[in-house]
Engineer: 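Please read through the structure below; I'll follow up with questions.
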Amino acid sequence: MDPSTLVDIKDVHIDTSLPVEQRLASVLQQMNGNPYFFCSNGLVVKCSFTRREKTVRDFRGYIRASLNHGGKYIEST
């Protein structure tokens, strides 16, 4: 993955006035369709989940935590 092609998570905006499905679609579009690789404070972040039970809700929580903590939050699985 070329880091220069990754979106910085601080540049991803979530429009809370939209329904959840449209918010997710907007985030995916802003992240060039790949929410599993992005930059945060100059670091490349790769999201992966080990259990099959992970859901969009889990991913949304991970992104929200990253945004709320200025990219300093790293969730370990």
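Computed from a prediction, not measured in an experiment: that's the story for all the values here.
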Engineer: Where do Val44 and Leu6 land on the side-chain contact (heavy atoms from CB on, under 4.5 Å) test, with the steps shown first?
Structural biologist: CA-CA 8 Å; Val44 174; Leu6 299 176; 3.7 Å; yes
Engineer: Determine whether Ile9 and Val45 make a side-chain contact, defined as any pair of heavy atoms from C-beta on separated by less than 4.5 Å.
Structural biologist: no
Engineer: Please report the closest heavy-atom contact between Pro3 and Cys39, naming both atoms and the distance.
Structural biologist: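 Residues Pro3 and Cys39, closest heavy atoms: O-SG, 4.0 Å.
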Engineer: Give the minimum heavy-atom separation between Asn41 and Asp8, together with the two atoms involved.
Structural biologist: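 Heavy atoms only, the tightest pair is N-OD2, 4.0 Å.
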Engineer: Side-chain donor-acceptor contacts of residues 17-24 below 3.5 Å, not counting sequence neighbours, with atom names and distances?
Structural biologist:
unit_1 : atom_1 : unit_2 : atom_2 : d
Ser17  : OG     : Asp15  : OD1    : 2.5
Ser17  : OG     : Asp15  : OD2    : 3.4
Arg23  : NE     : Leu18  : O      : 2.7
Arg23  : NH2    : Leu18  : O      : 3.1

Engineer: Looking at residues at least two apart in the chain, or sitting in another chain, which of them share a side-chain hydrogen bond (donor to acceptor under 3.5 Å, both in side chains) with Thr16?
Structural biologist: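 Once residues adjacent in sequence are excluded, Thr16 has no partner under the side-chain hydrogen bond (donor to acceptor under 3.5 Å, both in side chains) criterion.
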Engineer: Return the set of residues passing side-chain contact (heavy atoms from CB on, under 4.5 Å) with Asn34 (not counting sequence neighbours), or none when no residue passes.
Structural biologist: Met1, Tyr36, Phe37
Engineer: I'd like to check Gln30 versus Val7 (side-chain heavy atoms, cut-off strictly below 4.5 Å). Are they in contact?
Structural biologist: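 Counting from C-beta outward, Gln30 and Val7 never come under 4.5 Å.
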Engineer: Does Pro35 reach the side chain of Leu28, with side-chain heavy atoms less than 4.5 Å apart?
Structural biologist: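 A side-chain contact exists here, since the closest heavy-atom pair is under 4.5 Å.
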